[in-house]
Structure formats: C-alpha cells, structure tokens
Amino acid sequence: MILSPSLLSADFGNLERELAALRQAGLSWAHWDVMDGMFVPNITFGPPIIRRLRRESPLFFDVHLMIEAPERYLADFAAAGADLLVVHVEASRHLDRTLREIRRLGMRAGAALNPSTPVSAVEEVLDTLDLVLIMSVNPGFGGQTFLPRSLDKVRSLAELLRRRGSAALIAVDGGVDPGNAGELTRQGADVLVAGSAFFHFPPYAERRAAFIAAAPSGRADPSALFGLIP
C-alpha cells in the first residue's frame, strides 16, 4: 500500500518543513490538491509553489488537478516538477489527448472520477493510464466523510483492470483513514490519499505505521510499478 498524504491538510506556512517531515517519517509520496475555484469551490496552490518545493524535496509529487480544462497547464506542471499528473474525466473534453500529452511531457498520467462518474468512463483510455483516482467524497474540501459506496466502485475498477490486463494503480481520495484503509486495499486500492486523517495525528512516523498496519497491500508491491520504495 502506498500512502500519499494530502498537503491540503498540511501547514501551508511551513510546507518545506512538512515535506521534510514526511520523508523523515518514511513516506515516499506527497499529494498536491490543485484547485481553481471553478471546477471545485476552493482555491489552493499552483505551479509556482510546486516548483519552489520541488527544489527542496525528493518525494514523488502526486499532483491532482481539480481545475477546468487542465490541458492548458500540463507543460507548466511538468516544468514545476510533477511526477504524476491526475486530471478529472469530467474536466477534460479530450481526455485521451490530454493523457497522451502528460506522458509526452515525461510525467505519469492519471484520471480521477468524481463520486457520480462511473468506472466505465476510463475504459477507453486504459492504455494511456498509470493510475485511476476514485474520489470517495465530493471534491473541494478536506475533512469530509467517506462515501461507503466507494468500496463497490474500487472493486468494480479492480475487476475492469484485471479483465483488460492493465497495470494501472488504483488510488482513493476522500475520508480515508485507518478505519477504512483495510477494506479499501482488500477491494483493490493500491494508493491511499489521506489529508486530515494523516496530518492531524502526529508524529507522522506513528501515523504512517497505523495506516500500514491497517492496510497491507493487496498486490505484491504496487510501488514497484513506479520504481519506488513504499
């Protein structure tokens, strides 16, 4: 299981310190929630912040674009240092073209599904995907309650990936905590994104251990697909 703490719940005034603390605690991923105030009712950070922190951190930058027409900014996020760029199915009119451009720019490509968007929405682009992100809350704000029906969605996606022979990872974001982490990985989740359920419970090494104890991986080593150590 890969744990990707969402910096949406970190101390915005000390992001460099927060990233260093994640690395010290044994984390290898950091999740950036980029919001534009249009696709979701919130505004966070963009390429300049990520570019500045990229110089300070070797962590795998998992960048989730909750913005309208994300294809306008793919090159900017590549230049800023994103390792994985996730765009929303609902926000990209030409999804296949967008995903291929992300890969051409040297990043891993991901697609996110809102709670009301079916798994079938990514079926035609599986060959261009490294990760599918299932939103288990309605996106826009941290600290929301996990939607239980997301478990069925994870299972359906895992079945689809198996049928199609896809090695794409399954990520889940929204209301994830040690209480539901085990069931999520049993249903097929590889990457768990946790914000307030992680950052509000220091020390981070102990919180990471709690997630790992609750959610042993369903795959032998999902991070090996990205050449990373969990």
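Computed over heavy atoms, backbone and side chain alike; hydrogens, waters and symmetry mates excluded.
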By the salt bridge (charged side-chain N to carboxylate O under 4.0 Å, His left out) test, which pairs, at least two apart or in different chains, include something from [range]?
range            : answer
residues 34-45   : none
residues 22-34   : none
residues 109-120 : none

Any side-chain heavy atom of [X] sitting closer than 4.5 Å to one from [Y]?
X    : Y    : answer
L85  : L74  : yes
P115 : V137 : no
L133 : L113 : no
I170 : L161 : yes
L22  : F198 : yes

Is the shortest side-chain N to carboxylate O distance from R103 to D130 below 4.0 Å?
yes

Non-neighbouring partners of F77 that pass ring-ring contact (aromatic ring centres under 6.0 Å, His included), sequence neighbours left out:
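Applying ring-ring contact (aromatic ring centres under 6.0 Å, His included) to F77 gives none.
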
Across all chains, not counting sequence neighbours, the ring-ring contact (aromatic ring centres under 6.0 Å, His included) partners of Y73 are none

Got a sec: does the CD of Q24 have more than 12 other heavy atoms crowding it under 6.0 Å?
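No, CD of Q24 has 12 or fewer neighbouring heavy atoms, counting only those of other groups under 6.0 Å.
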
When you look at CZ of R93, are more than 12 heavy atoms from neighbouring residues, nucleotides or ligands closer to it than 6.0 Å?
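No.
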
For [X], give me all partners under salt bridge (charged side-chain N to carboxylate O under 4.0 Å, His left out), at least two apart in sequence or on another chain.
X   : value
E90 : none
D96 : R100
R54 : D83
E68 : none

Do I43 and F39 sit in one hydrophobic cluster, given that two such residues count as connected whenever their side-chain heavy atoms are within less than 4.5 Å of each other, even indirectly?
no

Report yes or no: do Y204 and E18 form a side-chain donor-acceptor pair below 3.5 Å?
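A donor-acceptor contact under 3.5 Å links the two side chains.
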
S9: side-chain contact (heavy atoms from CB on, under 4.5 Å) partners, not counting sequence neighbours
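In terms of side-chain contact (heavy atoms from CB on, under 4.5 Å), with neighbours along the sequence ignored, S9 is linked to S196, F199, H200.
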
side-chain contact (heavy atoms from CB on, under 4.5 Å) with S120: which residues, sequence neighbours excluded?
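Here the qualifying residues are P118, E123.
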
Report yes or no: is the cationic atom of R207 (NZ for Lys, CZ for Arg) under 6.0 Å from the centre of the six-membered ring of F201, at an angle within 45° of the ring normal?
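Checked: cation-pi criterion met.
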
With sequence neighbours left out, which residue pairs that include part of residues 145-154 fulfil the side-chain hydrogen bond (donor to acceptor under 3.5 Å, both in side chains) condition?
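Matches after skipping sequence neighbours: D152-R155.
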
